Structures are given as structure tokens and as C-alpha cells.
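All values reported here derive from a predicted model rather than from experimental measurement. Each chain gets a letter, A, B and so on, in the order its sequence line appears, and its residues count up from 1.
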There are 2 protein chains.
Amino acid sequence: MKDILEQLKNKGYKLTQPREKVLGILLHNHTALSVQDIHKKIDSVDKASVYRVLNLFEELGLVNIENFNNEKLYCLTRDPHHHIICKKCGYSEEVPCTYEHHDFNNFDNVQHQMTLTGVCNNCNK
Amino acid sequence: MKDILEQLKNKGYKLTQPREKVLGILLHNHTALSVQDIHKKIDSVDKASVYRVLNLFEELGLVNIENFNNEKLYCLTRDPHHHIICKKCGYSEEVPCTYEHHDFNNFDNVQHQMTLTGVCNNCNK
DNA sequence: TTTACTATTGCAAATCATTCGCAATTGTGA
DNA sequence: TCACAATTGCGAATGATTTGCAATAGTAAA
Ligand SMILES: [Mn+2]
Ligand SMILES: [Mn+2]
Ligand SMILES: [Zn+2]
Ligand SMILES: [Zn+2]
């Protein structure tokens, strides 16, 4: 927590309520959270600000993003990992990243985002 | 082409103009196309119908989907592959899929979707 | 071929996620 | 404490995707 807040400050960003609160939620959750999920947990912060904070975190490489059902899901970048999401109920778990980057012809600065989907055993009757 | 059309018919789906035209475009393109991309190439078909056709193709497992800039990109499922997309200009290339599925704890019917992003050498000055 | 029936389409309106403009507020360093 | 720029909240705009419904077009049987 302090780590990342220091990091923000050193780069010239202010330490604001929205930034601290969103960060707090990401720290206490290892699941993939949508903007709406995050916003529900802090109605003191406007949804537009949640978007702005997450966009900043993305620029700074603090979060990784996955897509599911036409919305972005956010999770702090700790050890490289992805998520497996139940397509019936939305339940998600972390999955360590095993992807090894090749040398891509003519592309620089390559990143990847992966989402696994399936049916959790709860939803499997 | 005939292959897939037969397949549709055998499952009880009608062989309609929108379905044939969208399929035609997907067959002639190995890049990842958005609904808007596809729609531009066939203004004789309403955009809502393009969405419906692609949703059907998705259900039937005919296409794989990636996300980029808040929109879905579609490509026919031929050999398993993904795309690497230039985040500056949108140019994309195919990349063979090398991902090996593990055994996921409690999940069945696991699928994955991956998108690579980077900067193409054209955009690299 | 023609008919009859239903799936599918086009169109316009509705949804839903995400972004934006702008005036009011807040964090920071002096 | 002050001054000023960065950031927020709010409401409106945007853009992708979905939906309701009446009109249309495949299909299979007559
Ligand atoms: Mn996680
Ligand atoms: Mn392709
Ligand atoms: Zn489930
Ligand atoms: Zn490029």
C-alpha cells in the first residue's frame, strides 16, 4: 500500500481519496473486478473518477485488464497471473501466467492479456 | 464456405443473405475484424443483423473473439491462433496459438482468449 | 410451383459501459 | 496560511451492443 502510494507521489501524482480507496479495494481482492464492482464498494467516489483512477493505474502498469461480457475487469499486477471466470455465475480464480513471449516479427513493446472461461463446479449442478 | 453453410443448415438454421455475407467476409480476412469493420463491407446488411449473425457464430464455436479498445474483434476459428495488434494504428497479424491448457481445479469446458498488443515497426518511426 | 409457417431481418428505440466538459474542490509545496 | 495546478463530481455525450416488433424471406410440404 505505502509502496504504491509513494510510487505515485514520486511521479508527481497527488495522493487523493479516490486513488487511495480504489487501491485499497484492489489490494484486498485477488479476483477480477469490474468498474461497477469497485464503485459499489465505494459510493463516496464518483464512477467517472473510478474510471479515471483505473486508467491512470493502467498507464502506470499497476493493473492488468481482462475482458468479460463486454466489460473490463481489473486486478493489481502482483505476480503475473490471469483469471479463470465462470461464464454462468461470474465466479473467478487466479491462474499463474505461464506464457512465454516469442520474438514478434515487427512488433515492439509486446504485452499480452488472456482470459480463461469455463463452468465452475458449483454451476455444474 | 460450403462446409460451414451445410453445417448451419444441418443444425436447422436458414441460409440467409446476412449469414452468407458475413461468413464470406470472415473467410477472406485473417485479421481481427470489428462489427463496424464487417458492417462497412456490407451495407446491404443491417448492423443489428451483423451482431446477430456473429453472436450465432460465436455460440456455434465458428469464431474466436478478442477485445481491443472496448470492442470485440472477430476471426474465423481455423487453426488455433491469436492476433498481435498495433496499439497505435490497429494493424494486426496472426500469431499461432502455443498455449497448453492445464487441468483447472474445478472448471469444466475451459476456453481461452488472448490478445497481444505492441507497436508495429511502421509506427516505430 | 404455389402455399403456409416460422425463423430471421430491418429499423428505431433502449441499454450499458466508458469518456468528456467544466466549474468546484482538494492536495501540495512555498 | 496562501496560491495554483491537478483532480474530482456531476451531468451530458459517445459508442458499442441489445431488444421489440412488424415486415420479409427461407424452407418444407402440398
Ligand atoms: Mn488477480
Ligand atoms: Mn485471424
Ligand atoms: Zn459458476
Ligand atoms: Zn502501427
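For DNA chain C, no neighbouring residue in residues 37-47 of chain A is found when judged by any heavy atom under 4.0 Å. Taken residue by residue, residues 5-18 of chain A places heavy atoms nearer than 4.0 Å to DNA chain D at A:Y13, A:K14, A:T16, A:P18.
Of all the heavy atoms in B:L27 and B:R78, the pair that sits closest is O-NH1, 3.5 Å. For B:N109 against A:K87, the heavy-atom pair with the smallest separation is O-NZ, 4.0 Å.
Between B:Y51 atom OH and C:dT15 atom P there is a gap of 17 Å when expressed in whole angstrom units. To the nearest angstrom, P of C:dC16 lies 15 Å from NZ of B:K72. For A:E71 and D:dT17, the CD to P distance is 13 Å, given to the nearest whole Å. One interatomic measurement links the two molecules: NZ of B:K21 to P of D:dG26, which rounds to 11 Å at whole-angstrom precision. Taking atom CZ of B:F68 as the reference point, atom C1' of D:dG15 lies 16 Å away to the nearest angstrom. When rounded to the nearest whole Å, the span between CZ of B:F57 and P of C:dT8 equals 12 Å. When the C1' atom of C:dA17 is taken as reference, atom CG of A:L73 falls 12 Å away, rounded to whole Å. For the pair A:R19 CZ and C:dT28 P, the interatomic distance rounds to 10 Å; values are reported in whole Å.
Across the interface with DNA chain D, nearest-nucleotide mapping of B:N70 and A:V53 shows A:V53 to be the residue nearer the 5′ end.
Going from atom CD1 of B:I84 over to atom CE of B:M114 covers 9.5 Å, rounded to the nearest 0.5 Å. For the atom pair B:N67 CG and B:Q113 CD, the distance stands at 6.0 Å (nearest 0.5 Å).
When the shell of 6.0 Å around CG of B:N122 is examined, it contains 12 or fewer heavy atoms from other residues, nucleotides or ligands.
With hydrogens and angles left out, the side chain of B:R52 and the base of C:dG10 share a donor-acceptor pair within 3.5 Å.
In the set D:dA16, C:dT9, C:dT18, D:dA16 carries the atom at the smallest distance from any side-chain atom of B:Q36. Picking from D:dT18, C:dT9, D:dT8 the nucleotide with the shortest atom distance to the side chain of B:N55 gives D:dT18. Taking the side chain of B:A48 as heavy atoms from C-beta on, and the options D:dT17, C:dT19, C:dC11, the nearest nucleotide is C:dC11.
For A:H30, there are no ring pair (Phe, Tyr, Trp, His ring centres under 6.0 Å) partners, not counting sequence neighbours. Residues that satisfy the side-chain contact (heavy atoms from CB on, under 4.5 Å) test with B:D108, not counting sequence neighbours, are A:N124.
Under the 3.5 Å distance criterion, with hydrogens and angles disregarded, no donor-acceptor pair is assigned to the side chains of A:K72 and A:S34. Inspection of the B:D46 and B:S49 side chains reveals no N or O donor paired with an N or O acceptor under 3.5 Å.
Considering B:L54, B:I25, B:L73 in turn, B:I25 is the only one that fulfils the side-chain contact (heavy atoms from CB on, under 4.5 Å) rule with B:L33.
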Check nucleotides 1-3 of chain D for protein N or O atoms closer than 3.5 Å to its own N or O atoms and list the pairs.
none

side-chain contact (heavy atoms from CB on, under 4.5 Å), that's the test. Do B:T31 and B:S92 meet it? Break it down for me.
CA-CA 6 Å; B:T31 57; B:S92 73; 3.6 Å; yes

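For residues 46-95 of chain B, the pairs satisfying ring-ring contact (aromatic ring centres under 6.0 Å, His included) are B:H81-B:H83, B:H82-B:H112, with sequence neighbours left out.
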